[in-house]
Amino acid sequence: RYPGKRFCGLPGSNPTPNGAPWLKSGDILLSPNPNRRNAPMAYVIDCRKNWEMSARCLETETDPIRRRNLETIIAHVKAEAKPDFEALMATVAPNAKYTSYAGGGDENSPSGKEGVAAYYSGIVGSGCNHIEHAVDRMAVGEDVITTEGDMKMAYPGAVLKAMGIDVPDENGHYLYLSRLMIVWGFDDEGRVTCEDSYSAADFPGFEGIADRPISMDEIFLWANDPEA
């Protein structure tokens, strides 16, 4: 029914406004409690789930174009998680256009490579870059890949307050819960031309977020991992 597609499923440079730097390839971010390579995966937010299924699909994929697209997604989401701005933007096409069908206005639907770059800089600059997209279903094609799964995001208290949401501690983080599907498009060089996103309506989202505090110890930091 879906020709040309395979389905997978479960059986410091460029300082940001708040002073948190993007990392260059090879940089290690030190923290009081650095993550360990062999630590159990018991984090509330674990960004490794963002590329886990793509990596499993890549192990068995033989088509060169679909392999290229999977490799692009893996490189893209790893760079976003680190964060490594240069590596991230290397995966984005010059004519990229993102569309968020989950709402959020034009600021969540950037157009052009400069617009996409500003979008990612804003995410890291606001501290909203701690994200888990636990992909549990994929469709892999030559032009398009879809990734779908539950999403968790650590929202800084200060950002929530600016949005008009009262939280107990502006310096803390709070857990946003949703389910997200992303439609990825690719150009002839395997660069990302779109990330069109759709979210489920029956997940909490921002509802009750003030009652879901999350500490940084509960978030896996990819930049601390020796494999990053």
Side-chain angles (χ1 to χ4, degrees), residues 7-10 41-55 57 73-74 76-83 88 96-110 116 119-140 144-170 172-185 192 194-222:
F7 292 87
C8 299
L10 289 176
M41 294 181 65
Y43 299 95
V44 175
I45 291 179
D46 190 338
C47 63
R48 291 172 293 188
K49 296 179 182 178
N50 301 2
W51 59 83
E52 182 180 28
M53 180 165 283
S54 295
C57 289
I73 284 185
I74 293 168
H76 182 97
V77 295
K78 282 186 175 182
E80 189 175 8
K82 194 170 183 177
L88 176 63
K97 179 174 174 54
Y98 290 13
T99 303
S100 173
Y101 294 99
D106 292 342
E107 64 188 36
N108 287 333
S109 299
V116 172
Y119 168 73
Y120 285 127
S121 291
I123 289 175
V124 176
S126 64
C128 294
N129 59 308
H130 300 299
I131 301 169
E132 172 187 303
H133 189 202
V135 176
D136 55 38
R137 184 162 59 174
M138 295 180 64
V140 182
V144 172
I145 289 178
T146 62
T147 55
E148 180 184 351
D150 293 349
M151 186 187 81
K152 300 175 185 176
M153 181 173 173
Y155 260 91
V159 172
L160 293 172
K161 182 179 180 182
M163 296 169 58
I165 300 175
D166 290 330
V167 293
D169 181 7
E170 290 183 35
H173 289 78
Y174 297 85
L175 187 63
Y176 174 90
L177 300 170
S178 184
R179 184 169 180 87
L180 187 71
M181 183 179 78
I182 299 176
V183 179
W184 304 75
V192 175
C194 72
E195 274 190 52
D196 295 344
S197 56
Y198 304 78
S199 63
D202 57 348
F203 275 66
F206 290 108
E207 184 178 353
I209 194 170
D211 298 323
R212 296 193 295 271
I214 179 172
S215 72
M216 292 302 296
D217 288 339
E218 297 175 292
I219 301 172
F220 180 83
L221 301 177
W222 176 237

*Asks:* What distance do I145 atom CD1 and I73 atom CD1 have between them, rounded to the nearest 0.5 Å?
*Replies:* 4.0 Å
*Asks:* Are any of the side-chain heavy atoms of E132 and Y43 separated by less than 4.5 Å?
*Replies:*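 No, every pair of side-chain atoms sits at 4.5 Å or beyond.
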*Asks:* Would you indicate whether D202, at its atom CG, is surrounded by more than 12 heavy atoms from other residues, nucleotides or ligands within a distance under 6.0 Å?
*Replies:* yes
*Asks:* Rounded to the nearest 0.5 Å, how far apart are CG of L160 and CG of D169?
*Replies:*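 Result: 11.5 Å between the selected atoms.
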*Asks:* Under a 4.5 Å cut-off applied to non-hydrogen side-chain atoms, are W51 and V135 in contact?
*Replies:*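 Sidechains of V135 and W51: no contact.
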*Asks:* Between K152 and V44 (side chain of the first, backbone of the second, donor and acceptor by atom type, cut-off under 3.5 Å), is there such a pair?
*Replies:* yes
*Asks:* By the definition side-chain contact (heavy atoms from CB on, under 4.5 Å), identify the one residue from D211, I214, V167 that meets it with Y174.
*Replies:* V167
*Asks:* Quick check: do M138 and T146 have side-chain heavy atoms less than 4.5 Å from each other?
*Replies:* no
*Asks:* Quick one, H130 with L221, criterion side-chain contact (heavy atoms from CB on, under 4.5 Å). Give me CA distance, side-chain angles, the key distance, then yes/no.
*Replies:* CA-CA 8 Å; H130 300 299; L221 301 177; 3.6 Å; yes
*Asks:* Do E195 and W184 touch side chain to side chain, with heavy atoms closer than 4.5 Å?
*Replies:*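 E195 vs W184: side chains touch.
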*Asks:* Is the closest side-chain heavy-atom distance between T147 and M53 below 4.5 Å?
*Replies:*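 Sidechains of M53 and T147: no contact.
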*Asks:* Not counting sequence neighbours, which residues clear side chain to side chain donor-acceptor pair (under 3.5 Å) with S54? List them please.
*Replies:*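 In terms of side chain to side chain donor-acceptor pair (under 3.5 Å), with neighbours along the sequence ignored, S54 is linked to no residue.
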*Asks:* To the nearest 0.5 Å, tell me how far S100 OG sits from E107 CD.
*Replies:*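 Here the interatomic distance stands at 9.5 Å.
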*Asks:* Write down the atom of A79, the atom of L88, and the distance for their closest heavy-atom approach.
*Replies:* CB-N, 3.5 Å
*Asks:* Test of understanding: with salt bridge (charged side-chain N to carboxylate O under 4.0 Å, His left out), list the residues that count as partners of E170, not counting sequence neighbours.
*Replies:* K161
*Asks:* To the nearest 0.5 Å, what is the distance between CG on D46 and CH2 on W222?
*Replies:*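 Interatomic distance, D46 CG to W222 CH2, rounded to 0.5 Å: 10.0 Å.
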*Asks:* Step by step, work out the side-chain contact (heavy atoms from CB on, under 4.5 Å) result for E80 and N129.
*Replies:* CA-CA 8 Å; E80 189 175 8; N129 59 308; over 6 Å; no
*Asks:* Minimum heavy-atom separation for S126 to I123, with atom names?
*Replies:* OG-O, 3.0 Å
*Asks:* For a quick test of reading the model, state the closest non-hydrogen atom pair linking P213 to E218 and the distance between them.
*Replies:* O-OE1, 4.4 Å
*Asks:* Scan the side chains in residues 176-183 for donor-acceptor partners under 3.5 Å anywhere in the protein, sequence neighbours excluded, and list what turns up.
*Replies:*
| unit_1 | atom_1 | unit_2 | atom_2 | d |
| --- | --- | --- | --- | --- |
| R179 | NE | E148 | OE2 | 3.3 |
| R179 | NH1 | D136 | OD2 | 3.2 |
| R179 | NH1 | D150 | OD1 | 2.7 |
| R179 | NH2 | D136 | OD1 | 2.8 |
| R179 | NH2 | D136 | OD2 | 3.3 |
| R179 | NH2 | E148 | OE2 | 3.4 |

*Asks:* Please report the closest heavy-atom contact between M153 and C128, naming both atoms and the distance.
*Replies:* CE-O, 3.2 Å
*Asks:* Evaluate the side-chain proximity of S199 to M151: yes if any heavy-atom separation is below 4.5 Å, no if none is.
*Replies:*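 Heavy-atom side-chain distance check fails, nothing below 4.5 Å.
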